[in-house]
There are 2 protein chains.
Amino acid sequence: MSTGGKGGARRAGAGQGENDTNGRDRPLVVGIREAILSGEFVPKQRLVEADLSERFAASRASVRAALLELTNEGLIERVRNRGARVRAVPLEEAIEISEVRMVIEGLCAAKAAERITEEDIKELKAIGESMRSAVSSGDVLGYSQLNQRLHRRIRMISGQHTASNVLERLRAQNVRHQFKLAMYPGRTTVSLPEHLAVIDAICAHDAEAAEQAARAHLRSVIQTLPEVDQDRSHGYRGTT
Amino acid sequence: MSTGGKGGARRAGAGQGENDTNGRDRPLVVGIREAILSGEFVPKQRLVEADLSERFAASRASVRAALLELTNEGLIERVRNRGARVRAVPLEEAIEISEVRMVIEGLCAAKAAERITEEDIKELKAIGESMRSAVSSGDVLGYSQLNQRLHRRIRMISGQHTASNVLERLRAQNVRHQFKLAMYPGRTTVSLPEHLAVIDAICAHDAEAAEQAARAHLRSVIQTLPEVDQDRSHGYRGTT
DNA sequence: AGCAACAAAATTGGCGACAATATCGGTGCG
DNA sequence: CGCACCGATATTGTCGCCAATTTTGTTGCT
């Protein structure tokens, strides 16, 4: 974990290690991002620079820089001279994002199937077993965490830095929908066999099957998204 | 297209002339980006804020903001307290980028095949014919422009806003490799039938065939990339 | 009473200056 | 003669201030 200053390393976005947010970022970016992802800042909420400046004990210029960065990450939305607000991802766009995720996760799964080692096979299968037991015991939260770990592990095994970066960004934009999806009753029962199929295909070094399984899983997600959607995501008048 | 969007209406006037990668950007971002994409700023070249400030007659803060934005677009690379420089995309990463492009362009092609109208069919076929004649007459530059127009048109027809954004960003990062690829002798002869296959599949409303054709085309690109690569792209010691 | 224009407040955008940090050159010592 | 320490320089990071623009509240007119 020693994220020390390895100067000569390639940029390639985040290293293969944990990129939960982005370790190289200043605390401001991380802080605001965490606030958005944790739900403290709700969609369409205005983000006034002065307020954030006070909230994080930093200057307004730093806040502005952080806001600009988060804008490019797709988490907040800025209009010239009209300020920044948390981006509300409507269902239609959440589906689009998931469709892009579908093909990229398929790519990663295929590449992972080609590159996976015996050691990683053990870990993937272990994750699969944990997921199975989590579903059995009804541990939805644990299953959700295992889900994220599985996807991240597959990305790592695939060795596709570019794909990982894109996926991470897309996932952050959809975190709210993903959360609602995870809480959808009976979702784990549908999700589990799909995940196991992905794991099996990757561990069997079957790239084609892995890609198809990953895409099938995301297709299932896309299909379920409209059911869990609550239309407050794209509400124009959020003043209640 | 823009379903009830509030802000997207004004963008409708985007003439086919300029490729405003992002019309909402301030001139600084556009200027620096153009300088990088046009090759004026070569990879690994240092971008000193003060110099850019003078070059574009703007304050350093604005330059910094633009640099931050371009960093997130993947065009430049920044190290804390050590400045920014034009990102040099090594062959390995160019391949990764093209692999991601492969699956996303496949997705767009499939979606375009489902959504295309008779009007768009005519235009796609017209582009195909133009490409054919461009290859016949050996007009490499014209073919390259038609190539970009075709891809852009397909993205537009697909209606995939997210995918288009990702593709545009990835394409910008690979613009140098793409250029060398376009100039590779005999490349057009290989590329043309692949493009025509994509066009035919899309116009035939065959989503599956369109995706496969698009992926085959990008696979061909990936296969050719190493041949056109000149190792100056990833030169570590660029101090001349 | 409704609407429009105006004014005041709020907020963002831009700018210059100062401090922190890395790089580079020089100098002294082993 | 080479290496390490040290200072000078260059560059970036941060901060506070002022102008431009938008939004909102008020007032006067129809």
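All chains are named by letter (A, B, ...) in the order of the sequence lines, taking the proteins before the strands, and each is independently numbered beginning at 1. Atom set for the values below is all heavy atoms of this structure, side chains included, hydrogens, waters and symmetry mates excluded.
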note: A/E49, atom CD; C/dG14, atom P; distance rounded to Å ~ 11 Å
Please report, rounded to the nearest Å, how far the P atom of C/dA17 is from the CZ atom of B/R64.
16 Å
Please state how far atom CD in B/E77 lies from atom P in D/dT12, giving the value in whole angstrom units.
14 Å
So, does A/R82 get its side chain near the phosphate of C/dT12, meaning an N or O under 4.0 Å from OP1 or OP2?
no
May I ask you to say what A/L68 touches in the nucleic acid, namely base, sugar-phosphate or nothing, with a heavy-atom cut-off under 4.0 Å?
nothing
What integer distance in Å separates A/R60:CZ from C/dC15:P?
14 Å
Looking only at D/dC15, C/dC15, C/dT12, the nucleotide nearest the A/R78 side chain is C/dT12
Of B/E73, B/E93, B/E77, the one forming a salt bridge (Lys or Arg N to Asp or Glu O under 4.0 Å) with B/R87 is B/E93
Given D/dG13, C/dA22, C/dT12, which nucleotide is nearest the side-chain atoms of A/N81?
C/dT12
Between A/H151 and A/H195, how do the two ring planes meet: parallel, tilted or perpendicular, split at 30° and 60°?
perpendicular
Using the side-chain heavy atoms of B/S59, tell me which of these nucleotides is nearest: D/dC15, C/dG14, C/dA22.
C/dG14
Testing C/dG13, D/dG13, C/dT11 for proximity to the side chain of B/R80, the answer is D/dG13
Salt bridge or not between A/R55 and A/E40? Use side-chain N to carboxylate O under 4.0 Å.
yes
Considering only side-chain heavy atoms of A/A58, which listed nucleotide, D/dC15, C/dG14, C/dA17, is closest?
D/dC15
Between P of C/dG14 and CZ of B/F56, the distance in whole Å
15 Å
Report the distance from atom CG of B/L52 to atom C1' of D/dT11, rounded to the nearest whole Å.
13 Å
Is there a donor-acceptor contact under 3.5 Å linking the side chains of A/S144 and A/R149?
no
When we call it a touch if two heavy atoms are under 4.0 Å apart, what does B/L67 touch: a base, just sugar-phosphate, or nothing?
nothing
Would you mind checking if B/E49 and B/R60 are paired as a salt bridge, meaning a charged N to carboxylate O distance below 4.0 Å?
yes
Nearest-Å distance for atom pair CG/P, residues B/D51 and D/dA10:
12 Å
Look at the side chain of A/V48 and decide which nucleotide, out of C/dT12, D/dC15, C/dC18, has an atom nearest to it.
C/dT12
Is any side-chain N or O of A/S62 closer than 4.0 Å to OP1 or OP2 of D/dC15?
yes
